[in-house]
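I have placed the structure first, in the form of structure tokens, so that the comments after it can refer back to it.
Hydrogens, waters and symmetry mates play no part in the numbers below; they use all other heavy atoms, side chains included. Just so it is clear, the model here is predicted, and its values are computed rather than measured.
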Amino acid sequence: MPFQSDLLRLLDERGYIHQLTDAAGLDALASRQVVPGYIGFDPTAPSLHVGSLVQIMLLRRLQQAGHKPIVLMGGGTGKVGDPSFKDEARKLANDDTIAANIASIKTVFARFLTFGDGPSDAIMLDNAEWLDALGYIPFLRDVGQHFSVNRMLSFDSVKLRLDREQSLSFLEFNYMILQAYDFLELSRRAGCRLQLGGSDQWGNIVNGIELARRMDATEVFGVTTPLITTADGGKMGKTMAGAVWLNEDQLSAYDYWQFWRNTDDRDVGRFLRLFTDVPLDEIARLEALAGAEINAAKIVLANEATALCRGDAATLAAANTARRTFEEMAAGDSLPRFASLGPVTIVDALVGLGFAASRGEARRLIKGGGARIAGERVTDEAQLIAPDNDPVRVSAGKKHHGLVVTG
């Protein structure tokens with residue numbers, strides 16, 4: 001359907017919309033007033049990774065269209081763990097770890113959103129504020145009565161675990177009730193009328209909409225995004241070296257820039273629409289480039305995506321390092337480094353630089369001909385690297401480079 005509101009037109013044009021609970025109702029609401037909308041982020045690690053970036057960008061688009069983003073930190077739900085489409089329960093973190101993770105994660109959002117007290121300024125809340133204070137029996141009586149166990153068992157996120165005969169704890173089973181209650185609380189506290197999330201959150205979002213209707217007779221809405229995969233079917237953000245973290249202390253700006261630079265040709269246009277603010281007409285021009293010229297579009301993607309997450313200075317440094325490394329074959333200043341007190345094997349260097357997750361993976365990389373020292377292919381896994389006073393460049397494949405230096 002052709003949308004009338006700036007919000008849904010923007011989300012549609014850039015490829016964010018997978019499902020809408022009531023497209024016409026939300027379109028009408030967004031056309032006549034500022035719509036507060038939220039996404040929840042559970043603090044399971046000190047940093048979010050690229051897999052969460054489409055949701056962060058979704059909040060950015062909400063604000064760009066004149067509406068109010070609500071970042072909900074899961075200080076409460078993080079103690080339970082979202083079972084949606086997970087094969088097993090997450091390891092439960094203690095309160096101190098959750099608090100430290102939240103403090104670390106918060107720093108990223110200020111780069112993508114404008115926070116403040118204005119009508120469309122973003123706010124950040126923590127659901128521990130209301131979930132930690134719930135009384136168990138009153139909660140079951142007042143909220144639990146609105147949930148059908150039969151229906152909860154029908155959701156794909158639950159059926160997946162049960163069909164595979166994998167344990168689903170009673171604690172995890174309660175997660176969808178708690179998330180629905182979050183939507184109700186945000187509706188009451190902040191006038192929130194919209195929950196956004198990935199396609200795996202559809203059932204949880206629908207639960208929240210129904211709870212708000214049943215308990216408060218409030219009309220709220222939901223939007224989900226498509227599952228973001230790469231052109232070869234891989235999961236977005238998974239690389240040879242592991243997760244692509246958003247926090248600077250978890251991943252260097254150079255590695256972050258390089259992740260985007262290594263995008264498959266077929267993904268460039270889609271990723272430019274989702275993860276940058278480049279105008280759509282310019283994206284159309286860039287994605288139409290053919291052959292080697294598509295590399296220019298990949299550099300635009302890397303520069304724009306890195307500038308949003310890490311800032312202009314870090315982006316310039318990363319781009320200059322890449323240029324010197326790949327065009328001039330010189331060792332750039334911001335390449336990842338592995339410090340050694342003495343000679344180190346190529347296997348240990350590959351693991352230390354993050355190019356292999358284990359020594360076994362490093363050996364397989366060497367056996368496959370993918371490891372190089374100073375540009376020369378390595379065939380002996382016992383080969384030593386002795387950096388002395390000069391850094392030694394180690395490469396994994398054509399796109400991952402780092403330095404072994406004297407510790």
Side-chain angles (χ1 to χ4, degrees), residues 7 10-11 16 30 34-82 84 93 98-132 175 178-198 200-201 204-205 208 212 220-225 228 237 245-248 250 274-275 277 305 308-311:
L7 173 61
L10 174 61
L11 297 186
Y16 291 97
V34 173
V35 177
Y38 94 95
I39 300 177
F41 300 88
D42 280 345
T44 56
S47 171
L48 299 174
H49 54 71
V50 162
S52 298
L53 188 56
V54 71
Q55 308 307 325
I56 297 174
M57 290 298 298
L58 195 54
L59 289 174
R60 182 177 176 86
R61 302 302 183 211
L62 187 72
Q63 190 166 57
Q64 288 174 335
H67 300 281
K68 188 176 187 68
I70 301 173
V71 181
L72 182 65
M73 302 306 300
T77 45
K79 298 170 186 175
V80 176
D82 185 356
S84 298
I98 289 174
N101 287 349
I102 289 175
S104 179
I105 289 170
K106 281 182 176 180
T107 60
V108 168
F109 286 94
R111 292 193 181 276
F112 291 89
L113 302 171
T114 299
F115 288 84
D117 300 322
S120 62
D121 286 344
I123 59 173
M124 182 176 287
L125 300 173
D126 184 345
N127 63 15
E129 182 179 345
W130 51 86
L131 295 183
D132 284 1
Y175 187 94
L178 296 177
Q179 183 167 323
Y181 186 70
D182 280 344
F183 202 172
L184 179 68
E185 277 291 326
L186 289 171
S187 172
R188 292 170 172 176
R189 291 168 180 250
C192 183
R193 292 293 176 265
L194 173 64
Q195 184 181 355
L196 309 109
D200 61 335
Q201 297 300 311
N204 292 331
I205 292 173
V220 293
F221 303 90
V223 174
T224 65
T225 57
I228 307 300
W245 300 106
L246 302 185
N247 279 41
E248 296 177 12
Q250 299 289 316
L274 289 171
F275 301 114
D277 290 338
L308 279 175
C309 187
R310 302 299 181 83

Can a donor-acceptor pair be found, under 3.5 Å and without considering hydrogens, that links the side chain of Thr107 to the backbone of Ser104? yes
Can you check whether Leu62 reaches Tyr16 side chain to side chain, under 4.5 Å on heavy atoms? no
Mind listing the closest non-hydrogen atom pair of Pro46 and Gln250 along with its distance? CB-NE2, 4.0 Å
To the nearest 0.5 Å, what is the distance between CG on Leu11 and CZ on Arg61? 9.0 Å
Side-chain heavy-atom pair Thr225, Leu274 within 4.5 angstrom cut-off: no
Take Val50 and Leu246, measure what side-chain contact (heavy atoms from CB on, under 4.5 Å) needs, and give me the verdict at the end. CA-CA 7 Å; Val50 162; Leu246 302 185; 4.1 Å; yes
Heavy atoms, side chains only, cut-off 4.5 Å: are Ile98 and Ile102 in contact? yes
Between the NE2 atom in His67 and the CG atom in Leu10, the distance rounded to the nearest 0.5 Å is 9.5 Å
Heavy-atom closest pair, residues Pro69 and Leu113: CG-CD2, 4.2 Å
Using distance alone, with no hydrogens and no angle criterion, decide if Arg60 and Gln63 have a side-chain donor and acceptor under 3.5 Å apart. no
Interatomic distance, Ile56 atom CD1 to Arg111 atom CZ [nearest 0.5 angstrom]: 12.0 Å
Val108/Asn247 under side-chain contact (heavy atoms from CB on, under 4.5 Å): CA gap, chis, key distance, verdict: CA-CA 7 Å; Val108 168; Asn247 279 41; 2.9 Å; yes
For residues Ser187 and Arg193, determine if any side-chain heavy atom of one lies less than 4.5 Å from a side-chain heavy atom of the other. yes
Phe41 side chain reached by Ile105 side chain, heavy atoms, under 4.5 Å: no
Can you tell me how far the CZ atom of Phe183 sits from the CG atom of Asn204, to the nearest 0.5 Å? 12.0 Å
Could you walk me through whether Asp182 and Thr77 pass side chain to side chain donor-acceptor pair (under 3.5 Å), step by step? CA-CA 9 Å; Asp182 280 344; Thr77 45; 4.6 Å; no
Glu185 and Glu129: CA distance, side-chain angles, deciding distance, side-chain contact (heavy atoms from CB on, under 4.5 Å) verdict: CA-CA 10 Å; Glu185 277 291 326; Glu129 182 179 345; over 6 Å; no
Any non-hydrogen side-chain atom of Leu186 less than 4.5 Å from a side-chain atom of Trp130? yes
Result for side-chain contact (heavy atoms from CB on, under 4.5 Å) between Met57 and one of Leu53, Val54, Leu59 points to Leu53
Minimum heavy-atom separation for Gly191 and Pro36, please, with both atom names. O-CG, 3.4 Å
d(Lys106 NZ, Phe115 CZ) to nearest 0.5 Å is 9.5 Å
Do Gln179 and Gln195 have side chains that approach each other closer than 4.5 Å (heavy atoms only, starting at C-beta)? yes
Drop me the distance from Asp121's CG to Thr114's OG1, to the nearest 0.5 angstrom. 6.5 Å
Considering all heavy atoms of both residues, which atom of Asp42 and which atom of Gly74 are nearest to each other, and what is their separation? OD1-CA, 3.5 Å
If you look at every heavy atom in Pro43 and Gly78, which pair is closest and at what distance? CD-CA, 4.3 Å
Hey, mind stepping through Leu178 and Leu131 against side-chain contact (heavy atoms from CB on, under 4.5 Å) and telling me if it holds? CA-CA 8 Å; Leu178 296 177; Leu131 295 183; 4.0 Å; yes
State, yes or no, whether a side-chain contact exists between Ile39 and Gln201 at a heavy-atom distance under 4.5 Å. no
